[in-house]
Amino acid sequence: MSSVSNRMILLLWWICFFCYNCDAFATGLPPKVFNVINYGARPGGFSDNSQLSNFFLKAWKDGCEYEGKSRILIPKGTYEMNSVTFAGPCKGAMSFLIKGTLLAPTNPALFLNYDTWIGFKYLDNLTVKGGGVLDGRGKSAWKYNNCGFKRNCYRLPTTLRLDFVHNSKIKYLRSVNSKIEHISVFGSTNLNISFLKLTTPNEGHNTDGIKIARSKNIWVSRSMIHTGDDCIALLSGSEEIGIKEVVCGPGHGISIGSIGRGHWKDPVRGVRVMNCTFLGTQNGARIKTWSPSEYVLVADVSFEDIKMENVNNPIFIDQDYCPFCGNRKIGSSQSQVEIRNVTFRNIRGTSSSKIAVNLQCSNVKPCQNVKFVNIDLAYEGPIGGPSLASCFNVYGVAYGKQVPSGCVV
Ligand SMILES: *[C@@H]1O[C@H](CO)[C@@H](O)[C@H](O)[C@H]1NC(C)=O
Ligand SMILES: *[C@@H]1O[C@H](CO)[C@@H](O)[C@H](O)[C@H]1NC(C)=O
Ligand SMILES: *[C@@H]1O[C@H](CO)[C@@H](O)[C@H](O)[C@H]1NC(C)=O
Ligand SMILES: *[C@@H]1O[C@H](CO)[C@@H](O)[C@H](O)[C@H]1NC(C)=O
């Protein structure tokens with residue numbers, strides 16, 4: 001039953017991808033087209049791939065200076081391209097139509113210590129779409145990804161970086177084999193991100209799907225994300241974030257955090273995750289904070305109408321995150337992150353671990369106003385028996401079905 005509906009979601013996704021990925025519904029005057037081929041670019045490859053980025057940048061510059069709607073067109077074909085950032089402000093709305101496949105560099109000299117492969121910056125009214133593929137060719141880079149263990153580690157380039165981009169849309173694209181995260185959103189407002197398919201094999205560490213920080217009014221919808229790390233990660237300063245009809249898995253699920261470390265003290269507020277499906281992920285709905293930590297507020301968060309299939313930690317608040325700290329006594333978190341007004345509503349499916357609901361809130365800042373409404377998570381695994389809840393320092397209420405029960409009464 002459930003695998004049928006998952007297939008339905010996939011099918012629907014592809015139908016939408018193909019039928020909307022055209023200009024049939026475009027409104028207003030047609031844009032002026034700046035085809036990168038007319039600037040010297042061609043599919044295949046150049047002996048020096050920085051040439052190609054320069055051709056793309058020239059097309060961008062002309063489009064950006066045109067006082068009307070501009071479209072930068074990358075036609076079908078395969079292009080090997082080095083790191084490049086398309087910056088504004090531009091004189092009119094820009095669209096960036098990627099029909100081809102872009103290949104990231106595999107030579108370490110061209111990617112180590114770059115934080116961006118394809119960047120968009122200081123823009124208003126940008127649309128990036130086209131049905132094309134961004135191939136980060138991560139296999140060449142994952143072995144350098146040792147930041148979890150070392151202080152002096154290499155930075156790897158994000159496939160698509162949006163910094164200070166406003167009133168814009170990213171849709172109908174595929175991103176594969178990112179070196180680190182697929183998409184990073186920072187300092188941006190009013191973005192709609194939809195109809196994306198992001199994939200990286202499990203061996204790619206820190207290959208988050210979409211990472212959002214210091215941004216407001218961001219919608220992510222109708223996308224499929226399977227990666228080696230978080231499906232979507234919301235970091236400090238994420239406000240009014242909507243995530244709707246996203247299928248995650250494999251990977252680490254949708255996570256708020258990690259919160260509370262260093263200078264990152266902006267609150268996370270107004271997060272709605274709805275109608276999402278998690279397939280075989282390590283976590284489902286998660287909030288993760290450092291312990292000890294700085295003071296940060298995380299408030300007004302809801303996870304609603306969520307389906308979990310074979311998820312290891314379906315509902316998880318971990319306020320004791322400290323990967324370098326070794327094993328600590330459970331229930332002793334010293335996190336100063338204040339978590340309040342969190343709702344879990346209509347969460348159903350299966351947990352691959354006995355503890356389907358795991359809320360380890362802080363000893364010094366207990367979780368306040370946590371609401372559970374209709375929770376139905378069965379344990380499915382070798383031990384058998386019912387699923388369990390493990391909760392510390394949680395205040396809240398529960399209504400409707402509660403399987404497992406016992407977190408709040
Ligand atoms: C973006 O769109 C808004 C609303 O249509 C318009 O007021 C503004 O001038 C546009 N900005 C650019 C750079 O196109
Ligand atoms: C994003 O989508 C919402 C609702 O679907 C719409 O109201 C809003 O105008 C869209 N924003 C942009 C920048 O396209
Ligand atoms: C989410 O799914 C529920 C139940 O299937 C449905 O009632 C609701 O309208 C959906 N919400 C959205 C935003 O699609
Ligand atoms: C939490 O919810 C309560 C009532 O539901 C509201 O008064 C309060 O402002 C909310 N707090 C935050 C920080 O969102």
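Atoms within a ligand are numbered from 1 in the order they appear, just like the ligands themselves. Positions are given from 1, in the same order as the sequence printed here.
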Non-hydrogen protein atom less than 4.0 angstrom from atom 4 (C) of ligand 4:
no

Protein heavy atom under 4.0 angstrom of atom 9 (O) of ligand 4, is there one?
no

I need the atoms of ligand 2 closer than 4.0 Å to a non-hydrogen atom of Asn190, numbered in the order shown.
13 (C)

Please list, in number order, the atoms of ligand 2 under 4.0 Å from a heavy atom of Ser168.
13 (C)

Regarding Ser188 and His166, is there a side-chain donor-to-acceptor distance under 3.5 Å anywhere?
no

Strictly by modelled atom types, are Ser390 and Gln360 linked by a side-chain donor-acceptor pair under 3.5 Å?
yes

Have a look at Arg286 and tell me which of Asp318, Asn313, Asp230 forms a side chain to side chain donor-acceptor pair (under 3.5 Å) with it.
Asp230

Less than 2.5 angstrom apart at the SG atoms, yes or no, for Cys361 and Cys391?
no

Answer with yes or no whether Asn167 contacts ligand 1, where contact means a heavy atom under 4.0 Å from a ligand atom.
no

For [X], take its heavy atoms, then give the atoms of ligand 1 lying under 4.0 Å from any of them.
X      : answer
Gly92  : 14 (O)
Ala93  : 14 (O)
Asp124 : 1 (C), 11 (N)

Indicate yes or no: does an N/O atom of Cys90 lie under 3.5 Å from an N/O atom of ligand 1?
no

Hey, does the Lys NZ or Arg CZ of [X] hover above the aromatic six-ring of [Y], less than 6.0 Å from the centre and inside 45° of the axis?
X      : Y      : value
Lys129 : Tyr172 : no
Lys179 : Phe111 : yes
Lys121 : Phe164 : no

How close does the nearest protein non-hydrogen atom get to [atom], and which residue and atom is it?
atom                    : result
atom 14 (O) of ligand 2 : Lys169 CE, 3.1 Å
atom 13 (C) of ligand 4 : Ala299 CB, 3.6 Å
atom 2 (O) of ligand 1  : Asn125 ND2, 2.2 Å
atom 11 (N) of ligand 2 : Asn192 ND2, 3.1 Å
atom 1 (C) of ligand 4  : Asn341 ND2, 1.4 Å

In terms of side-chain geometry, is the basic nitrogen of Arg214 or Asp266 positioned less than 4.0 Å from the acidic oxygen of its partner?
yes

Using the six-membered ring wherever Trp is involved, compare the ring planes of Tyr39 and Phe34 and label them parallel, tilted or perpendicular (cut-offs 30° and 60°).
tilted

Taking the six-membered ring for Trp, is the centroid-to-centroid distance between Phe86 and Phe96 below 6.0 Å?
yes

Is it the case that ligand 4 has an N or O less than 3.5 angstrom from some N or O of Asp300?
no

